[in-house]
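Some notes on the structure that comes next.
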Amino acid sequence: MGFFNNLFSSKEKRKNAQKYKIGMSKTRNNVFGNLKTLLDSSSLIVDELFDELEEIFIMADIGVDTVVKFVDHLREKVRVDNITSTNDLKELIVEEMFKLYVKEDIVSSNLDIVDGRINIVLFVGVNGAGKTTTISKVAHEYIKKNKKVLMVAGDTFRAGAIEQLKIWSNRVGADFYAKAEGSDPSSVMFDAINYAKENSIDIILCDTAGRLQNKINLMKELEKINKVIGREIEGAPHETLLVVDATTGQNGLSQAKIFNEVTKITGIVLTKLDGTAKGGIVLAIKDELDIPIKYVGLGEKIDDLEHFDIEEYIYGMFLGIF
Amino acid sequence: MAFDNLSDRLQMSLRRVTGKGRLTENDIEEMMREVRLSLLEADVNFKVVKSFTKEVKEQAMGERILKGLNPGQQVVKIVHEQLKKIMGDKAEPLTLNLMGVTSIMMVGLQGAGKTTTAGKLAMHLRKSNNLKPLLVALDIYRPAAIEQLKTIGEQLSIPVFELGILQKPQSIAKKALEYAKENGFNLIIADTAGRLHIDENMMNELVDIKEVLSPQEILLTLDAMTGQDAVNVASNFNETLNITGAILTKLDGDTRGGAALSLREITNIPIKFMGMGEKLDQLEVFHPERMASRILGMGDVLTLVDKVTENLDEDDMMGMMEKMMSGKFNYNDFIKQLRMIKKMGSLGGVMKMIPGMGKAMKGANVDDKQLVYVEAIIGSMTKKERKNTKLIAQSSSRRRRVASGSGRSVSEVNRLIQSLDQQKSMMKKMGSMDPSKMNSASAMKAMSGTPTKKKGKGKNKKRFRY
């Protein structure tokens, strides 16, 4: 436990956790009131505590199955390790949540971007998740690192989508490639890759149209986009990121499952975490499908995108209590 | 359909109850646990789930079991009634200002679908109420938001009022209203920027716009995939603006859409429309009654229950049930049963109303003519043959005679014999599942063949408190 203790009690983590809780204050008292009372009133672990924990996890949209599993695991751990004080329980929660998230693996929130090749990152997701804005933020991150970034308008369907990406590309100083509205998105990707080859682009960020995962034709279209990219550049797309709105409930799991079947998802971007929603479904996604979270969106400004940090996220969920 | 998953779950949980003669407190408890879990998995707000199951349980416990009604079906009915109650009893229409300009404000989080829905609504009201709509672009923040609304306006041939991104939305709204009055528009739909419900400055902007427009309707656009947070979002918007209605979007997805349930219960905001696709004509009036049925997936069971009780003599039915259970089911009963079903309407329709059947019958063609043929075949049997089913089953010459007498083929006669046998053995099984003779777990296994792999999961869930 020592190693984790050092990790978690580090002031920096707790300070950073602040950003995950922005806005939570309003609902925080309602949600956490009982837990806080229970923790404050007694230093001993009572059974009610687990019930309160369950509530908090459910309210955070962590999937029911994952919550039940996790809380059962906590109970067991408390029993086996003979943990009696609530202070130790707090540490245990963070530690076990961390373990649940990373499993035995090394989880990196960095993208697979390598020098000396054209790196392709494909962004997919349902309508309104925040794909276009996220792409702009990621472009900004890599332009700051002196990479040459190309933003590709693969959403040829939604009214104004091409224009929206174009405006962003101007703001962040990225190259921009688009064809007319209504063009076949696969052909847009094909031409964009040629553009990248001719203009020594380091990173291509591909926007795609929002699609609900149960729309078979749209998912086939995505499959084709993926295939065309892979045919033009071996091993591409190097990253396929599923953009998930933090307000999303259990449907997030269905999104991850089905998108993952069509185009192997390498990571999640959790957007709009600056609201009151906690986006806990991504933990269920990690638990069930082993897809890590790469980024969290924390606002509308171009800098409001952060690499995901599980400890900060958990502290954010319990801020004010721990 | 969006609620398929929730209905599957409820069907599974209720299957244990349907088909039972008596309902114990344990049964109800068990069922409520399943209902709770399935509602939570459907994203129904956790508080709503609590109050919902509590209410249903109390009603189920208190209610006298009606003669002739399966107690399980009665519980189903209570669940359905409660769902309906939560979502509002009937569809609420929009308030329109018929003497002057109706103005409608679209509000919501980023990415909920306000702009698309604004277009859909304009189209809908132009058609249904013959109004002359003007779309107003008040989202000056998101890049190309105005562009998007303009494109939608072009597609619908509906003019869009916009003053670029340099003026304040409040003043654009004011000018739009003047423009509408001067140019004979009687409907304004204002598309505001998506914003977080906790962003005070942005929420104040909406208050200002509201003051300018004095809208008849302030509609909250809510993504049907929203989880537990739906209630926070709706409450905050409502507190600041007094929302008059909600539009649930992206219901053409596979989301279970529990937000619909939560919304009305906690905030009292009626859901007025639902978005059913990306095309601009895919907006439907929200119908709580229909939605409740849809959530259950088995909602039509209620109609079936009503029909059964309306059309059938109760004693007749009980006698039939007894016979079925005892395995003494013969062709006379078979035809009686057919006639009962016929009374209730088409076979396909009835089948769809039976939980689980809807799925089982998918693809299978139910031909009402078959009923006529079966009647003819049974009609060609002697009285003895109808009563003693073995006679026909054991003699091929009898089968040939019946076939030629009814004008059907021998293989059709064989099929009838088979289906009677099947029914008999199925009924026998059900009869032996009397709760006093068997524990409910094995009864359930026998009936639905529930996969045992779920067992571990179920065990865990029992510990779950909800």
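Just so we're on the same page: letters track the sequence lines, and every chain starts at 1. It should be emphasised that the depicted structure is a prediction, and the values quoted were computed from it without experimental measurement. When reading the values below, keep in mind they use all heavy atoms of this one structure, side chains included, and skip hydrogens, waters and symmetry mates.
For A:Ile62, no part sits under 4.5 Å from any heavy atom of chain B, backbone or side chain. For A:Ile162, no part sits under 4.5 Å from any heavy atom of chain B, backbone or side chain. Looking at B:Leu109, the atoms closer than 4.5 Å to chain A (heavy atoms on both sides) all sit in the side chain, from C-beta outward. Only the side chain of A:Phe157 comes within less than 4.5 Å of a heavy atom in chain B; its backbone stays farther off.
With chain A as the partner, the residue from B:Gln110, B:Glu147, B:Glu154 showing the most heavy-atom pairs under 4.5 Å is B:Gln110. Residue with the most contacts toward chain A among B:Thr115, B:Ile152, B:Thr116, B:Leu196: B:Leu196 (heavy-atom pairs, distance under 4.5 Å). Of the listed residues (A:Gly160, A:Gly279, A:Ala159), the greatest number of heavy-atom pairs within a distance under 4.5 Å of chain B belongs to A:Ala159. For chain A, the option among B:Ala259, B:Gly113, B:Ala144 with the highest count of heavy-atom pairs below 4.5 Å is B:Ala144. Counting heavy-atom pairs closer than 4.5 Å to chain A, the top-ranked of the candidates B:Gln155, B:Lys250, B:Lys150 is B:Lys250.
The number of heavy atoms from other shown groups lying within 6.0 Å of CD1 (A:Ile143) is above 12.
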inquiry  = Does B:Tyr141 form a side chain to side chain contact (heavy atoms under 4.5 Å, CB included) with A:Glu300? I'd like the steps, not just the answer.
reply    = CA-CA 10 Å; B:Tyr141 307 99; A:Glu300 287 187 307; 5.6 Å; no
request  = Using the salt bridge (Lys or Arg N to Asp or Glu O under 4.0 Å) rule, take A:Glu55 and B:Lys50 through it: C-alpha gap first, then chi angles, then the decisive distance, then the call.
outcome  = CA-CA 11 Å; A:Glu55 261 181 46; B:Lys50 265 188 175 171; 3.3 Å; yes
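Panel note: side chain A:Asp61, backbone B:Gln228; a donor-acceptor pair is recorded below 3.5 Å.
The pair B:Glu278-A:Arg211 does not meet the salt-bridge criterion, since no charged nitrogen lies less than 4.0 angstrom from a carboxylate oxygen. With salt bridges taken as basic N to acidic carboxylate O contacts below 4.0 Å, none links A:Lys278 and B:Asp229.
The closest side-chain heavy-atom distance from A:Glu163 to B:Gln148 is not below 4.5 Å. Within the 4.5 Å cutoff, the side chain of A:Asp65 has heavy atoms near those of the B:Glu41 side chain. Residues B:Pro143 and A:Lys166 fail the side-chain proximity criterion, which asks for heavy atoms closer than 4.5 Å.
Heavy-atom proximity under 4.5 angstrom to chain B picks out A:Val126, A:Asn127, A:Gly128 from residues 124-135 of chain A. Among the residues in residues 244-253 of chain A, those with a non-hydrogen atom closer than 4.5 angstrom to a non-hydrogen atom of chain B are A:Asp245, A:Thr247, A:Thr248, A:Gly249, A:Gln250, A:Asn251.
Within the model, atoms CG of A:Asn214 and CG of B:Asp252 stand 7.0 Å from one another, a figure rounded to the nearest 0.5 Å.
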